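Note that these values count all heavy atoms, side chains included, but never hydrogens, waters or copies made by symmetry. All figures in this text were calculated on a predicted structure; none of them were measured in a lab. Below, chains carry the letters A, B, ... as their sequence lines are ordered, and counting in each starts from 1.
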Amino acid sequence: MRAAGVSGGSDNGVVYIVVELMSAGDADPSAPCVRAVPCQVDPVSGQVHADAPVVLSAADCVAWVTDREIDRPRWVWADTSVVYDFLLARGVWVAKCHDLRLSRAILSRAAWVDSSVFRAPSSQAEQGAQELAWWDGPTPVAARQDVLFDESHSEVTPDCVAELERQMRVLRTAGNGWRQRLSFLMALESAGALIAREMYAVGVPWDRDHHEALLREQLGERPAVGVRPAALEAVAQELRRLLDAPELNPDSPKDLLRALNSAGIPVTTTSKWALREHRHPALAPLERYKHLARLWTAHGWAWLDEWVSDGRYRPVYTPGGVVTGRWGADGGGALQLPRAIRGAARAGDGFTFVIADASQLEPRVLAAMSGDAAMAEAGRGGDMYQRIADAGVVPSREHAKYGMLGAMYGGTTGVSAQVLPQFRQAFPTAMAMVESAARVGERGGQVTTWLGRTSPPGVVSHPDESDDADVARERRLRSRSYGRFTRNFIVQGSAAEWAMAWMVEIRLRLHQLSLGDPTLSAPSLVFFLHDEVLIHTPVEWAETVAEVVRVSARQAGETLFPGSVVEFPVKVLVNDSYTDPKVVSQGVGESHGDLADHAP
DNA sequence: TAGTACAGCGCC
DNA sequence: AGGGCGCTGTACTA
């Protein structure tokens with residue numbers, strides 16, 4: 001299957017259907033609910049030719065498209081989280097969309113386009129300016145489903161067709177190569193938004209009893225509100241005794257720091273890594289206290305009450321929520337679920353999880369985008385860090401790992417700085433790319449990811465003779481810091497693009513699978529963590545799904561980096577609970593996604 | 001009382 | 001070590 005949803009490089013001939021919700025209706029799929037405007041986009045000018053609007057029910061949405069023999073039109077709407085939630089609740093699955101807000105954010109920051117039309121209304125200045133501001137603002141309360149169609153809140157009626165046309169025109173101010181990449185990026189970002197809402201709708205099967213047993217084991221019984229759990233209070237008491245500080249509140253860093261200093265521990269911060277430099281009988285219990293306190297406050301009973309219902313944990317993702325293009329999370333801590341509680345994610349009866357993560361994704365993306373042949377070669381057929389060590393570039397796997405992290409993050413000390421010269425020599429092309437990105441950032445310039453997402457403008461600050469030494473030093477530090485950011489931006493952001501392409505491929509293939517068996521028991525993507533996905537699937541499809549995950553990784557690499565020899569192996573694990581493929585399947589996981597998978 | 005800054009730690 | 005986040009409690013400001 002060619003992944004139509006991903007190959008958004010060209011929009012020639014694509015039919016766009018602009019969709020707006022027009023009536024709350026009810027859950028009845030036959031009730032009229034959306035106004036749909038079929039459009040064609042002129043490939044040269046970007047002009048949008050709109051047909052007459054049609055009013056559709058949810059049931060119509062699918063049938064109508066089929067009747068018109070349109071294969072997978074691109075649905076266009078202001079906000080995926082508003083319109084798609086509405087459609088999903090009525091059983092409408094959408095193959096691909098164009099999220100106007102997410103796409104506008106990409107285009108309006110992109111270095112390679114002239115986006116002035118987003119800021120300069122051509123006519124009807126007052127009204128026009130308001131509408132332009134609407135597009136850049138947050139989703140208005142009135143558009144959210146909980147208060148949908150509450151007219152009192154909406155002062156501006158956004159014109160989705162007009163916004164689509166603005167975006168298509170802006171896109172065409174980019175050179176041909178960047179136009180295709182940005183177009184692709186918008187397609188990926190929009191598809192990601194679909195996936196994020198589908199994940200929310202499905203949820204991760206979550207075993208409350210298991211989670212509570214885990215809490216009881218470590219913290220004791222659930223305490224009254226505002227009271228420390230017994231086990232935590234016991235550790236606090238022990239700390240007060242060991243530090244000879246009867247009034248100590250270990251939750252107060254200030255209080256704690258004072259107590260530590262009084263006890264003769266010369267630290268200036270109470271952070272875990274600083275304390276590990278010292279020896280004192282209180283430090284082990286303190287680390288234990290911090291661990292338990294975190295578990296209790298962030299992922300304890302209150303978390304369960306708020307985020308798990310009907311046996312499902314529903315992660316709230318915000319695609320494009322991070323400057324680099326990574327997804328963010330909004331409540332529930334979807335991107336910070338501690339390993340310690342992941343075991344509470346348990347597959348339902350007759351189901352299991354396919355857990356997959358991409359091995360050493362960022363270095364591989366760096367190798368591919370820079371075209372560094374040596375780095376690509378180091379990633380062939382196995383553990384990249386081990387192979388770098390084996391090749392004699394550095395003495396050990398650890399050196400290779402920290403060297404790579406230093407290259408991508410801008411490490412200046414320790415092992416990462418120490419092996420920099422060897423890395424420069426062994427991987428000149430890749431190192432030149434990240435170091436060039438760093439220099440651009442240091443000068444206050446902007447860099448872009450592989451698909452053209454652009455870093456925020458840096459702060460340009462020129463030296464001045466009147467500066468004293470401190471000011472000059474501060475400016476140098478800021479400049480270096482921004483350089484580390486832009487250095488990492490190109491890698492982290494491009495890796496996020498790979499991850500989205502991977503997930504979109506997986507989604508379309510899983511959908512193909514379920515077409516053959518249109519029952520409720522289809523495999524679903526339920527969780528995502530930067531370079532890792534969790535799929536809930538009927539047991540009998542687990543191996544098929546595992547293969548889908550591997551094939552999709554290969555396809556994502558080929559789609560993003562055509563002709564590149566860089567491999568993107570994934571570790572795949574089939575398990576009834578959410579455990580870590582990195583830990584559980586050393587060796588085993590690789591044999592799933594092994595060399596045979598990458599053979600021509 | 002409400003909002004915000006910061007420290008600290010969870011994840012990648 | 002170095003990049004990106006979200007969430008929590010404490011401590012502080014308005």
Ignoring backbone atoms, test whether Ser271(A) places a side-chain nitrogen or oxygen under 4.0 Å from the OP1 or OP2 oxygen of dA7(B).
no
Below 4.0 angstrom, N of the basic side chain to O of the carboxylate: do [X] and [Y] qualify?
X: Glu247(A); Y: Arg240(A); result: no
X: Arg104(A); Y: Asp99(A); result: no
X: Glu362(A); Y: Arg326(A); result: yes
X: Arg216(A); Y: Asp209(A); result: no

Would you mind telling me which residue lines up with the more 5' stretch of DNA chain C, Gln492(A) or Gly414(A), judged by nearest nucleotide?
Gly414(A)
Gly333(A) or Arg326(A): which one's nearest nucleotide on DNA chain C is closer to the 5' end?
Arg326(A)
Which part of the nucleic acid, if any, lies within reach of [X] when heavy atoms closer than 4.0 Å are counted: base, sugar-phosphate only, or nothing?
X: Gly321(A); result: nothing
X: Thr297(A); result: sugar-phosphate
X: Arg480(A); result: nothing
X: Tyr402(A); result: base
X: Val415(A); result: base
X: Asp330(A); result: sugar-phosphate
X: Gly493(A); result: nothing
X: Leu361(A); result: nothing
X: Ser252(A); result: sugar-phosphate

Starting at [atom1] of [X] and ending at [atom2] of [N], how long is that distance when rounded to a whole Å?
X: Trp303(A); N: dG10(B); atom1: CH2; atom2: P; result: 16 Å
X: Arg294(A); N: dA7(B); atom1: CZ; atom2: P; result: 16 Å
X: Leu292(A); N: dC9(B); atom1: CG; atom2: C1'; result: 14 Å
X: Leu295(A); N: dC9(B); atom1: CG; atom2: P; result: 15 Å
X: Met500(A); N: dC12(B); atom1: CE; atom2: C1'; result: 15 Å
X: Arg276(A); N: dG8(B); atom1: CZ; atom2: C1'; result: 13 Å
X: Arg342(A); N: dG10(B); atom1: CZ; atom2: P; result: 12 Å
X: Leu534(A); N: dC12(B); atom1: CG; atom2: C1'; result: 16 Å

Can a side-chain donor-acceptor contact be found between [Y] and [X] if the only test is distance below 3.5 angstrom?
X: Tyr409(A); Y: Gln492(A); value: no
X: Gln446(A); Y: Thr454(A); value: no
X: Glu198(A); Y: Ser524(A); value: no

Of the listed nucleotides dG8(B), dG10(B), dC12(B), the one nearest the side chain of Gln336(A):
dG10(B)
Outermost contacting nts on DNA chain C, any atom under 4.0 Å from chain A heavy atoms, listed 5' then 3', are dA1(C) to dC12(C)
With respect to Lys290(A), which candidate in Val235(A), Asp251(A), Thr270(A) satisfies the side chain to side chain contact (heavy atoms under 4.5 Å, CB included) definition?
Thr270(A)
